[in-house]
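The sequence lines fix the lettering, A, B, ..., with proteins before strands; numbering per chain opens at 1.
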Amino acid sequence: MAEVQLSGIHKQFGAIRALRGIDLVIPDGAYVCLLGPSGSGKTTLLRCVAGLETVDAGHIRIGNRNVEALEPFARNVGLAFQNYALYPHLDVRGNLAFPLRAPRRRAQFDDEEIERLVRSTAALLQIDAMLDKPVVTLSGGQKQRVALGRALIRNPTVLLLDEPVTHLDARLQHEMRVELKLLQRRVGTTTIHVTHDQLEAQALGDLIVVMRDGLIEQVGSPDELCARPATSFVAGFVGDPPMSLLQVRLEREGGSLSLRVGKTRLRPGERLARLLDGFRDQHVEIALPAEDISQGHGGDVQTVSGKVQAHEWVGRELQIAVMVERTLVRLRTQQRLDLRIGDELAIQLNLTRAHVFDSKTGRRLRSSPN
Amino acid sequence: MPRIEFQGVTKIYPDGTRAVANLDLVVEDGELLCLLGPSGCGKSSTIRALAGLEVVSEGVILADNNRIDHLPPQARDCAMVFENYALYPHLTAFENIAMPLRARRLPVPEIKRRVMEIARMLHIEPLMGRRPRQLSGGEKQRVGIGRALVREPAMFLMDEPLGHLEAYLRIELRAEIRRLQERLGITTIYVTHDQEEAAAIADRIVVMSGGRLQQVGSFLDLLDRPVNRFVAEFVGEPPMVFLPVERTDTNSISVKGVPLQLSEPLAAALRATKDTNLTLGVRPNDISVVPPANEHLKGVVTLVQPQGSHAIVAVSTPGGPATVIVPSDWRPAAGANVGLAFAGERLHLFDSTARSLLHNREDSNG
């Protein structure tokens, strides 16, 4: 168990700058999710912590040791990957024991000690009944448990997980999420989990690190990311469905401010009017959670319309994507609408909780510029 | 586009496996029907029998009231797309799509027009000169779909077409498939084991298990009116919560000593049976977390998973584990002692044969 400190991490592959200065402190015992689209640098960062990649610059501290110059085996981290990476010719016992039998550790563990560790780890993951089974006969969920057991058997100071559940089917994904979180609570090991799935990150992470183009966009609890996204990128990534981003033009006539989307002028409401006090005639980007977008015609200025691009049932709700002024707006409804792609749909926007971002930098607007 | 009818269709393989048992099913003209079930449930055998890739052992298959189950595959006018793309590796994307038209000896300008039209619909126009190995998985499957649809078949059959693809590509491509299907109005049967996918794109869903049709309906029908415990458990995420029930007398039941409030229809269904081995089924959305009190089932929160606007809460109760969906603004903490209140009008009861007391009499072909 240990705190992990990353400072000034840079990593380049040829012309590609995968990590461009990462500073991050992961508290002892925390479950941290690195969240981002592919190419954001999240896996590279994990591999740097593991020692599978060397950093070009910067420091990695695990507990009170600088580890960036150490070999992977000397860092005492446990690793589990998306594709399990199990040894197909070995049974479950052989796979679990493998890290303990590595040549460099021969002196450390005798057979009796290895068997004891295999059994306690297998019990922890509820795979003790299948120790003698070849791994090729296991289901996806069982294989993932073996991979986790192998990562945990040496009692690592940090557990590193690379998309550990993504390719399981939906039902199993949800089950494994619960198991992972309960397991981590039990063992208390500082855990870094890489995922591109924001709902997975929210379900598991004490902290979520949102990454983009080799940089950190925001670090926060799941609630913080939803309540105060630091950038429009984060806003467009979180929520179910993710928040909708709209380019609006601020227009001031007399004393009153309106937000123009295409031909529609939206009233800002009190909170936004205060936030935008002093801004005039410029573009900003606003993000709206799906809960604040509803289907139907309110007959007032808060109504816009667009063409239906997609409609899908998700659980009891219909999720609809509507193209409004060249932006995709995503909403949910419990109504049983008989929609066809291309239909014109009126939607109402409730701006009372809208997040506002500078349209050039994408940063959250905090106060007026003057 | 035809209306397809399966009448008493049974498929028994030479090794004796009864893959499909006495299937009665109507696929309406122009609809997108999903066959949903775990592996081995008979869903693939069903569409393979329709396509003519398998011979049916018993029963008949009709297209617009004409029998087709004895026709050779090419006479049935079905286009099929599989999980593995089955493209010709030495041909370009254009030539792969053009293949069915060349086989029909259509004039060259006509072939070009139709290939490019379908390529445009699938957003793969710029890729037409590439060979399969130069395409990503998602692009290959688009080419596969293009090849299936270019000859404007009467029926479109898809067997786990997105199984190999990354999660984000699956979501993108299933929307694309739905869009294309709506636009062409083609009768489509889509096989999947993934309920999320079925919910997203199907007009109606057929749930299969052990070669037998369990229930047909919209996704909401399956969620709200499951005919048996299999459908109740298989459909819905997180899964339905099942708790053992004590029958105190003809009219009332309780869970671990806590009496349940039943809706009038459910109370009537209860009176109509003498079965005492009953199981309560309740969806995580239909349970609320309340302060613990004697009129509620008590439990301890074991895990809270935020999901944006709501959270998934796991609760350990004397009757077994329960999952509850709660709004984000009212969320208990792990370790909290809580009560669980059930929405009386949305409860399900299953008898000792796993049939729903309330919904098993409904026409399952609804």
Side-chain angles (χ1 to χ4, degrees), chain A residues 37-38 163 166-171 173-175 177-182 185 195-206 208 221-223 225-227 238-243 289-292 308-319 321 332 334 336 338-343, chain B residues 38-39 163-168 171-172 174-176 178-183 192-203 205 218-220 222-224 233-239 283-286 302-312 314 321 323 325 327-329 331 334-335:
Chain A
S38 60
E163 303 268 11
T166 332
H167 66 301
L168 302 170
D169 68 34
R171 175 65 55 91
Q173 266 188 32
H174 286 94
E175 286 174 16
R177 280 183 198 171
V178 173
E179 282 190 28
L180 266 178
K181 185 77 182 180
L182 290 175
R185 282 274 150 81
T195 180
H196 69 273
D197 180 339
Q198 51 108 2
L199 289 176
E200 185 175 306
Q202 293 203 44
L204 290 168
D206 300 318
I208 299 174
S221 70
D223 289 344
L225 294 191
C226 292
V238 298
D240 182 24
M243 293 188 207
E291 299 89 273
D292 293 344
V308 173
Q309 298 295 308
H311 53 88
E312 287 194 348
W313 282 98
V314 177
R316 260 180 231 286
E317 294 175 332
L318 191 59
Q319 288 196 357
R332 304 178 301 204
Q334 301 243 355
R336 297 186 87 151
D338 186 23
L339 287 179
R340 294 273 134 184
I341 286 155
D343 285 357
Chain B
S39 60
H164 272 5
L165 302 178
E166 298 265 352
Y168 75 97
I171 293 172
E172 189 183 302
R174 77 189 183 203
E176 201 79 62
R178 177 73 217 197
R179 205 168 355 228
L180 206 59
Q181 190 269 343
E182 270 187 25
R183 195 155 149 194
T192 180
H193 70 279
D194 180 351
Q195 55 163 309
E196 199 180 291
E197 204 167 289
I201 70 169
D203 293 310
I205 298 168
S218 71
F219 187 67
L220 286 185
L222 302 176
L223 277 184
D224 294 340
E233 194 162 9
F234 191 76
V235 177
E237 195 59 59
R283 298 260 173 227
N285 298 73
D286 300 328
T302 53
L303 186 66
V304 179
Q305 299 184 81
Q307 295 282 272
S309 60
H310 66 274
I312 306 171
T323 312
I325 302 279
S328 267
D329 45 13
R331 211 157 68 191

Please lay out, stage by stage, how Asp223(A) and Arg331(B) fare under the test side chain to side chain contact (heavy atoms under 4.5 Å, CB included). CA-CA 12 Å; Asp223(A) 289 344; Arg331(B) 211 157 68 191; 2.6 Å; yes
Stepwise salt bridge (Lys or Arg N to Asp or Glu O under 4.0 Å) test for Arg178(B) and Glu312(A): CA-CA 9 Å; Arg178(B) 177 73 217 197; Glu312(A) 287 194 348; over 6 Å; no
Verdict with reasoning, Arg177(A) to Ile312(B), per side chain to side chain contact (heavy atoms under 4.5 Å, CB included): CA-CA 11 Å; Arg177(A) 280 183 198 171; Ile312(B) 306 171; 5.5 Å; no
Stepwise, does the side chain to side chain contact (heavy atoms under 4.5 Å, CB included) test hold for Gln305(B) with Val178(A)? CA-CA 8 Å; Gln305(B) 299 184 81; Val178(A) 173; 3.3 Å; yes
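With a 4.5 Å cut-off on side-chain heavy atoms, Arg316(A) and Leu220(B) count as touching. Residues His174(A) and Glu237(B) meet the side-chain proximity criterion, which asks for heavy atoms closer than 4.5 Å.
With a threshold of 4.5 angstrom between heavy atoms, Pro238(B) does not approach chain A through any atom at all. Residue contact with chain A, scored on non-hydrogen atoms closer than 4.5 Å, involves the side chain of Gln195(B) exclusively. Using a 4.5 Å cut-off between heavy atoms, Arg283(B) touches chain A through its side chain atoms alone. For Ser218(B), the part lying under 4.5 angstrom from a heavy atom of chain A is the side chain only. Looking at Asp197(A), there are no atoms closer than 4.5 Å to chain B (heavy atoms on both sides), in backbone or side chain.
Between chain A and the residues Gly236(B), Pro239(B), Ala198(B), the most heavy-atom pairs under 4.5 angstrom are made by Pro239(B). Contact count against chain A (heavy-atom pairs under 4.5 Å) is highest for Ala199(B) among Ala199(B), Ala334(B), Gly308(B).
For the atom pair CD of Glu317(A) and CG of Asn285(B), the computed distance is 8.5 Å after rounding to the nearest 0.5 Å. Distance check, rounded to the nearest 0.5 Å: OG of Ser328(B) to CD of Gln202(A) gives 8.0 Å. Considering CG of Leu182(A) and CG of Leu303(B), their distance stands at 5.0 Å, rounded to 0.5 Å.
Without hydrogens or angle criteria, Arg179(B) side chain to Gln309(A) main chain gives a donor-acceptor distance under 3.5 Å. Side chain of Glu182(B) to main chain of Ile341(A): a donor-acceptor pair is present (N/O by atom type, distance under 3.5 Å, no hydrogens or angles).
Environment of CD in Gln173(A): crowded, with over 12 heavy atoms of neighbouring residues, nucleotides or ligands closer than 6.0 Å.
For the pair Asp194(B) and Arg171(A), the salt-bridge criterion is not met [side-chain N within less than 4.0 Å of a carboxylate O].
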